[in-house]
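These notes are about the structure you will find just below.
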Amino acid sequence: MNIIFFGSGKISIPAFEALLSSRNKICCVVTQPDAKKGRGLAESMTPVKALAQAHSVEVFQPATLKDDFVFETLKKYNPDLFVVIAYGQLLPEKILNIPKIFSVNAHASLLPEYRGAAPINWALINGEKKTGVSIIKMVKVMDAGPIIRQKEIAIMLQDNALTLENKLANLAAEELIQALISIEQKNYKLKEQDEAKVSFAPKLKKEDGRIDWEKPAEQIINLIRGCAGWPGSFTYYKGKILKIYQASVRDSTDVQGGVNKGQISGFSEDSIIIATGRGTLAIQELQIEGKKRMSAREFLSGHQMRVGEIFGKK
RNA sequence: CGCGGGGUGGAGCAGUCUGGUAGCUCGUUAGGCUCAUAACCUAAAGGUCAACGGUUCAAAUCCGUUCCCCGCAA
């Protein structure tokens, strides 16, 4: 089949690789335009573009899909199928209807739950025990199309957004290939999503990563796990932003009276222990503004922290 | 030329404003204590203070330039 691949995020890489080594022909790859990223003025391309170039696949980077020029360009390839995974933009109906068969999307959740841009992160933040990958036929509404294949996976306690994304990326690649085979052989079934069970996972904002120390330790840990990578979870210490990379629940029972939430309640050999709304948690890896990421042990070597100091105040 | 923090023995930091003997918490090595220990005590090794240039009797510290790391913003 002639396929046009839409993808931008890291999660789409295994699927893209799987497609490249399948019997299908990738006519062209559509990915987000190079962004002028920050500190200096470095231009950065999506990982998908880098991989496409390495395989000499044509790359197309329209700023918007609403342009007629985009429609004409894609039409010219005469594609059988569009494969979309973590592209980063809604595909207009006109575009979706270009391929002869239809457009397929791989989504990292058990649809109809967690529709939207950040399903992996929200599943972790909400403390879900399982998630998965759904392969759907695309319709006009974001992530609302009928399901072709769906595969469940357990969320491990030690999983964070990065490790889970990795697992789901590989799973998505496998499921996608299977789905393509069944589509080619025309022996697939479509299962409509149950609209009553729809939930949403909107794109995360930086602010979503701010830790609320009033919450129970478990919930804070879930936030840290869910925000790993981007946007990262953070709090404040002595007026500076303090990012927390690795932490675990130390004690999930009630805190003794009089202890302020966010207070340093002690230290162990390798971690800083903080009181929360319910229970305590142990920070193992962190980063203060302007410094490198380091272990709690390293941090404590150079910073005199005291029991009773408060986290979370600017 | 977007804003800001930083580069000091192996790690993390102080010292820089107000130039004048290289400091702290660890780690490493050796010895001691101990039934024993990653605990405790003692000692030692380990630095061209990012680089180059300037000012000065004297520069980690003041001035100029460059390189590198990081946070914000996107």
Side-chain angles (χ1 to χ4, degrees), chain A residues 6-13 30-50 59-66 86-90 116-118 120-122 160-162 165 201-213 220 223-248 250 262-274 281-314:
Chain A
F6 289 68
S8 300
K10 216 173 61 183
I11 194 171
S12 58
I13 292 295
V30 184
T31 191
Q32 293 294 320
D34 294 351
K36 213 185 281 180
K37 271 194 182 173
R39 196 149 37 217
L41 42 111
E43 288 253 325
S44 75
M45 63 173 77
T46 67
V48 172
K49 180 179 177 181
V59 175
F60 187 35
Q61 299 175 278
T64 171
L65 298 177
K66 291 172 185 163
Y87 171 59
Q89 265 186 57
L90 186 71
I120 301 172
N121 305 280
W122 284 107
N160 64 25
L162 298 172
E165 181 183 43
K203 191 172 175 176
L204 287 170
K205 297 186 293 288
K206 188 73 188 178
E207 181 61 20
D208 291 321
R210 194 171 62 78
I211 292 170
D212 177 3
W213 295 104
I220 295 173
L223 182 79
I224 293 168
R225 293 162 69 210
C227 290
W230 171 262
S233 48
F234 65 96
T235 185
Y236 295 92
Y237 176 66
K238 291 187 174 173
K240 288 185 175 174
I241 290 178
L242 183 79
K243 290 188 169 190
I244 298 178
Y245 287 99
Q246 189 64 242
S248 54
R250 180 173 175 86
Q263 251 188 359
I264 296 174
S265 76
F267 306 96
S268 72
E269 60 272 31
D270 286 318
S271 57
I272 302 160
I273 299 162
I274 312 292
L281 59 81
I283 300 172
Q284 282 104 27
E285 198 175 4
L286 50 86
Q287 178 179 35
I288 192 91
E289 189 178 327
K291 291 296 190 178
K292 290 183 184 174
R293 173 177 177 168
M294 65 184 78
S295 67
R297 191 187 179 84
E298 287 173 316
F299 188 85
L300 287 170
S301 293
H303 297 82
Q304 273 201 328
M305 283 186 141
R306 290 180 190 170
V307 169
E309 283 181 329
I310 296 278
F311 275 12
K313 289 191 178 171
K314 280 190 185 178

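All chains are named by letter (A, B, ...) in the order of the sequence lines, taking the proteins before the strands, and each is independently numbered beginning at 1. Only a predicted model underlies this, so the values are computations on that prediction, with no experimental measurement involved.
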**OP:** For nucleotides B:C24 and B:A36, find the distance between their P atoms and express it as a whole number of Å.
**Re:** 31 Å
Original post:
Nearest to the side chain of A:K292, which nucleotide is it out of B:C69, B:G12, B:G71?
Top reply: B:C69
Original post:
A:K243 NZ to B:G71 C1': how many Å, rounded?
Top reply: 7 Å
Original post:
Nearest-Å distance, CZ (A:F299) to C1' (B:A11)?
Top reply: 14 Å
**OP:** Between A:I241 and A:G302, just flag the one whose closest nucleotide in RNA chain B comes earlier from the 5' side.
**Re:** A:G302
Subject >> Cation-aromatic face contact A:R293/A:Y245, 6.0 Å, 45 degrees >> reply: yes
**OP:** Would you check if there is a donor-acceptor pair between the side chains of A:K49 and A:Q61 at a distance under 3.5 Å?
**Re:** yes
Original post:
When the P atoms of B:A11 and B:G7 are considered, how many whole Å apart are they?
Top reply: 14 Å
**OP:** Using whole Å, report how far CD1 of A:I288 lies from P of B:G4.
**Re:** 19 Å
Original post:
What is the distance, rounded to the nearest whole Å, between atom CZ of A:R293 and atom P of B:G5?
Top reply: 24 Å
**OP:** Could you tell me the separation between the CE atom of A:M294 and the P atom of B:G10, rounded to a whole number of Å?
**Re:** 17 Å
**OP:** Could you measure between the two P atoms, the one in B:G23 and the one in B:A43, and give it in whole Å?
**Re:** 15 Å
**OP:** Test side-chain contact (heavy atoms from CB on, under 4.5 Å) on A:T31 and A:M45 and set out the steps.
**Re:** CA-CA 9 Å; A:T31 191; A:M45 63 173 77; over 6 Å; no
**OP:** Check whether any side-chain nitrogen or oxygen of A:K291 sits under 4.0 Å from OP1 or OP2 of B:C13, and answer yes or no.
**Re:** yes
Original post:
Rounding to the closest angstrom, what is the interatomic distance between B:U8 and B:C41 at atom C1'?
Top reply: 29 Å
Subject >> Whole-Å C1' distance, B:G46 and B:C63 >> reply: 33 Å
Subject >> C1' gap between B:C62 and B:G4, integer Å >> reply: 23 Å
**OP:** Write down the distance between CE (A:M305) and C1' (B:G12), rounded to a whole number of angstrom.
**Re:** 13 Å
**OP:** Measure the distance from CZ on A:F267 to P on B:G12 and round it to the nearest whole Å.
**Re:** 19 Å
Original post:
How is A:Q287 classified with respect to the nucleic acid when contacts are heavy atoms under 4.0 Å: base, sugar-phosphate, or nothing?
Top reply: sugar-phosphate
**OP:** For B:G20 and B:A30, measure between their P atoms and round to the nearest Å.
**Re:** 38 Å
Original post:
Would you say the side chains of A:D270 and A:Q284 form a donor-acceptor pair under 3.5 Å?
Top reply: no
Original post:
Rounded to whole angstrom units, what separation is found between the CD atom of A:E298 and the C1' atom of B:G6?
Top reply: 16 Å
Original post:
What does B:A44 pair with, Watson-Crick or G-U, if both distances are under 3.5 Å?
Top reply: B:U28
Subject >> For B:U21, the Watson-Crick or wobble partner whose two distances fall under 3.5 Å >> reply: none
Original post:
Does a sphere of radius 6.0 Å around NZ in A:K66 hold more than 12 heavy atoms from other residues, nucleotides or ligands, not counting ones at 6.0 Å or beyond?
Top reply: no
Original post:
So which nucleotide does B:G71 pair with, by the Watson-Crick or G-U wobble rule with both distances under 3.5 Å?
Top reply: B:C3
Subject >> Side-chain donor-acceptor contact under 3.5 Å, A:Y237 with A:E309 >> reply: yes
